[in-house]
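Since we're looking at a predicted model, the values are computed, not measured. Every chain is numbered from 1, with letters handed out A, B, ... down the list of sequences.
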Number of protein chains: 2
Amino acid sequence: MAVTIKDVARKAGVSPSTVSRVLSNHPRISTETSQKVKAIMEQLGYHPNIMAKSLVSKTTNSICIMLPKSAEELFSNYFFMELIRGIVTQASRLGYDVLISSGANEKEEVEGVSRLLNGRRVDGVILLYSRTNDPVVDFLHENNHPFVLIGRSDQYPDILSVDTDNVQASYDATKHLISLGHERIGFVSGPPELVVSKDRLKGYMQALADAGLESHPEWIVEGEFLQESGYRAMSFFMNLPNRPTALVLIDDVVAFGILRGLHELKYNVPEDLCLVSFNNIPLSELSTPPLSSIDIGIYNLGYTASQVLIQSIKNNQDASYQKRQIIPHRLMIRESSIHSVRS
Amino acid sequence: MAVTIKDVARKAGVSPSTVSRVLSNHPRISTETSQKVKAIMEQLGYHPNIMAKSLVSKTTNSICIMLPKSAEELFSNYFFMELIRGIVTQASRLGYDVLISSGANEKEEVEGVSRLLNGRRVDGVILLYSRTNDPVVDFLHENNHPFVLIGRSDQYPDILSVDTDNVQASYDATKHLISLGHERIGFVSGPPELVVSKDRLKGYMQALADAGLESHPEWIVEGEFLQESGYRAMSFFMNLPNRPTALVLIDDVVAFGILRGLHELKYNVPEDLCLVSFNNIPLSELSTPPLSSIDIGIYNLGYTASQVLIQSIKNNQDASYQKRQIIPHRLMIRESSIHSVRS
DNA sequence: CTGAAAGCGCTTACAG
DNA sequence: CTGAAAGCGCTTACAG
């Protein structure tokens, strides 16, 4: 039997209401009473029942992270863990607990989120990805639930979101290669249903256009966030008659696949092919050669998402702040892209 | 205003008790009533309030993962995410939600766990690591809370735990090198306060002893689960007058650091130094050369931990099953250790 | 500054 | 098979 507010009240010779007020640091309580009650709580080993509190206060001080099943294969574990670390750290600082949930498919995801939100178990949710036409986003938006998207929504532009400016980031990566003299630049994209794939493709195209360079449809391939995709893209590119001299890659993991393939075929990076990728995972500076990569501040994305969501929960959806937060990115130039074509 | 059991009851013309019974599939309820009530629940969009249910049933159907702050730097993100995926998947299958918590230090960790457990917010906790003299373990054990350790406890041998047989695994790795003819084998360990470091060191020592090989104190270095540690260990070893020809490494990330250092100094793997490490993260087969590594089934460790904990919660700490579960490991031999010394 | 009372949304013996 | 009642542990107007 756990000790309750009543036990404390009895022992302290006050009413349960008073104990409750001491607990929440109610201003109109005498310092004397407060101290006495606190001492007794300590002595009895009292711990407030979070569920009971939640039931009456109609707030849970918890948020939920939705981890899409598909993500397990799509993205790197590193990416998600870093995001989670950021989310949990900031949530914890603001007094919130974090629930982590996943579904085997979109239907399960909606059901899970619905159960948690409608069942009053969490106050809001963080979505770690953005697909086009996402039923989870539809559900959350329609029912007016507090949520934040790490990424961008195609359909709902004024949704709460935290994102990289992927168009700009990709523009920067491509521009960097152009400035080295490359004129034939390829792009390995991610799954086309992800908004991030679209955005990065767009930035790439724009950079080419601004530089007056041609874009060839066969220089753009779609894949997954997997080494295999990189490997396959590599062998495709290397067999092209007029192949690119540089590549922009949707993810470091894809780059690793390319690096391995190139190594097997005895090609050299950056001499035979320059590479720039995204995410700047720690191993990207350890590969041979070290990989140029766009650091998107993953931890910061998670941290900010937490912050923004909890703020919105507390303000009850008050729209007084920025709906869309952009986390700055930074191109980390390493050996994989220091070879100038002009030289 | 959320729709409650009362609303459903009123609309269905039954009592709240009956609705509650329908909800929990109580056997003594007529199919007719049940169907009618279920239809109304659907129609009204009823969702049971998890907190209210929890309050009266005194069970939360949630478990908590304690993510130690120090882990953020010590272990690879990959390792933790994989563990979490396993935990969440199995918990979700068994109808449990997963809370993820962390603390900046041991004190905060104990406080967090205490708040969650005593506050009746979670039914049990999973610890992702094992230090010697861990106050969190002390707390959990003393208060008789359901918990499972992923790893091994020095002090409490009969605690619920899921682990790799690290002594055997390390023995296997070392033995593999010995079978290739190596006689001077070094070991790069992790932080000495972690039980895993001790166990792996022990297996290494045993394999040497069994083969009648000498063990040199200077062939054993301690570090962190970081690339830097590998890098430093590498430069230490390579400057030794009578240096090892092979190394057993506590973690793949350490191996990457070594690989990088060796590459910079123009040494070759496996010709100049053979390597075998632990964890078999996906990138280990992508490095140059691909890394021999012990696969410890990380996902399986998490999955099983979830299973075991929830079972123990449901059986109310019934001791009818194995207290310590061992997840099988497997040595993945790759290029980094295929060089025979005898050849 | 403090207490009595009602109530959050559910479950579960106890009757019938 | 179903209902009325009590209660889980807390909070919060309403009084005083």
Side-chain angles (χ1 to χ4, degrees), chain A residues 1-38 40-41 44-62 95 97 114-123, chain B residues 1-38 40-41 44-62 95 115-123:
Chain A
M1 284 301 81
V3 12
T4 75
I5 222 171
K6 277 188 187 169
D7 302 320
V8 177
R10 195 176 311 122
K11 184 126 186 176
V14 297
S15 76
S17 326
T18 302
V19 177
S20 173
R21 290 195 182 97
V22 169
L23 223 43
S24 53
N25 287 314
H26 191 103
R28 284 200 289 277
I29 217 88
S30 76
T31 328
E32 200 184 353
T33 313
S34 172
Q35 276 172 353
K36 182 175 62 185
V37 170
K38 277 180 178 160
I40 307 245
M41 293 196 312
L44 256 41
Y46 170 74
H47 290 269
N49 183 308
I50 306 179
M51 297 302 189
K53 176 170 180 175
S54 210
L55 181 59
V56 37
S57 70
K58 293 190 175 313
T59 163
T60 65
N61 280 297
S62 306
D97 288 317
S114 163
R115 182 180 61 83
L116 258 15
L117 244 13
N118 286 318
R120 299 287 182 277
R121 161 137 250 168
V122 301
D123 297 334
Chain B
M1 287 296 84
V3 12
T4 75
I5 223 172
K6 277 188 188 170
D7 301 321
V8 176
R10 196 176 312 124
K11 183 127 186 173
V14 297
S15 76
S17 326
T18 302
V19 176
S20 174
R21 289 193 183 99
V22 169
L23 222 44
S24 54
N25 287 315
H26 192 101
R28 283 200 291 278
I29 216 88
S30 76
T31 329
E32 200 184 353
T33 313
S34 172
Q35 277 171 351
K36 182 175 62 185
V37 170
K38 276 179 179 161
I40 307 245
M41 293 196 312
L44 257 42
Y46 171 75
H47 290 269
N49 184 309
I50 307 179
M51 297 301 189
K53 177 170 181 175
S54 207
L55 181 59
V56 37
S57 70
K58 293 189 176 312
T59 164
T60 65
N61 282 295
S62 308
R115 183 180 60 85
L116 258 15
L117 245 14
N118 287 318
R120 298 286 183 275
R121 161 139 250 169
V122 301
D123 297 333

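Residue B:Thr18 is in sugar-phosphate contact alone, with no base atom involved, counting any heavy-atom pair closer than 4.0 Å across all strands shown. Within the 4.0 angstrom heavy-atom criterion, only backbone atoms of the sugar-phosphate kind lie near B:Thr33; the bases stay farther away. Nucleic acid contact for B:Ser57: none, since no nucleic acid atom lies under 4.0 Å from a heavy atom of the residue.
Atoms CD1 (B:Ile5) and C1' (D:dT2) sit 14 Å apart, rounded to a whole Å. Protein atom NZ of B:Lys36 is 11 Å distant from nucleotide atom C1' of D:dT2, rounded to whole Å. Per the geometry, CG belonging to B:Asn25 stands 17 Å off C1' belonging to D:dT2, to the nearest Å. Rounded to a whole Å, the NE2 atom of B:His47 is 20 Å from the P atom of C:dC8. Between the CG atom of B:Leu23 and the P atom of C:dC10 there is a distance of 8 Å, rounded to whole Å. To the nearest angstrom, P of C:dC1 lies 12 Å from CD of A:Glu32. Between the CZ atom of A:Arg120 and the C1' atom of D:dC10 there is a distance of 18 Å, rounded to whole Å. Straight-line distance from the CZ atom of A:Arg121 to the P atom of C:dG9: 17 Å, rounded to whole Å.
Residue A:Thr31 is the one, among B:Lys53 and A:Thr31, whose nearest nucleotide of DNA chain C lies closer to the 5' end (criterion: closest heavy atom). Where B:His26 and B:Leu55 meet DNA chain D, the nucleotide closest to each residue was compared, and B:His26 sits on the side nearer the 5' end. Between B:Ala52 and B:Val14, the residue anchored nearer the 5' end of DNA chain D, judged by the nucleotide with its closest heavy atom, is B:Val14.
Here the side chains of A:Arg121 and A:Met51 are in contact, with some heavy-atom distance below 4.5 Å. Within the 4.5 Å cutoff, the side chain of B:Ile50 has heavy atoms near those of the A:Arg115 side chain.
For A:Lys58, a side-chain nitrogen or oxygen approaches OP1 or OP2 of C:dG9 to under 4.0 Å. Phosphate proximity of C:dG3 to A:Ser15: present, with a side-chain N or O under 4.0 Å from OP1 or OP2. Using a 4.0 Å cut-off, no side-chain N or O of B:Thr4 falls inside it from OP1 or OP2 of C:dG9. Within the structure, a side-chain polar atom (N or O) of A:Ser30 is placed less than 4.0 Å from OP1 or OP2 of C:dT2.
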- Message: Would A:Ser54 and A:Arg120 count as a side chain to side chain contact (heavy atoms under 4.5 Å, CB included) here? Give the steps.
- Response: CA-CA 9 Å; A:Ser54 210; A:Arg120 299 287 182 277; over 6 Å; no
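Distance alone, capped at 3.5 Å, is enough to place a donor-acceptor pair between the A:Asp123 side chain and the A:Thr60 backbone.
Comparing the C1' positions of C:dT12 and C:dG16 gives a spacing of 16 Å, expressed to the nearest Å.
Closest of all the heavy-atom pairs between A:Tyr46 and A:Leu23 is OH-CD2, 3.6 Å. Minimum interatomic distance between A:Ala9 and A:Pro16 (heavy atoms only, all atoms of both residues): CB-N, 3.6 Å.
Checked against D:dC10, C:dG9, C:dT12, the side chain of B:Arg21 finds its nearest nucleotide in C:dT12. Considering only the side chain of A:Tyr46, D:dC10 comes nearest among D:dC10, D:dG7, D:dT11.
Pairing partner, D:dG16: C:dC1, with both Watson-Crick or wobble hydrogen-bond distances short of 3.5 Å.
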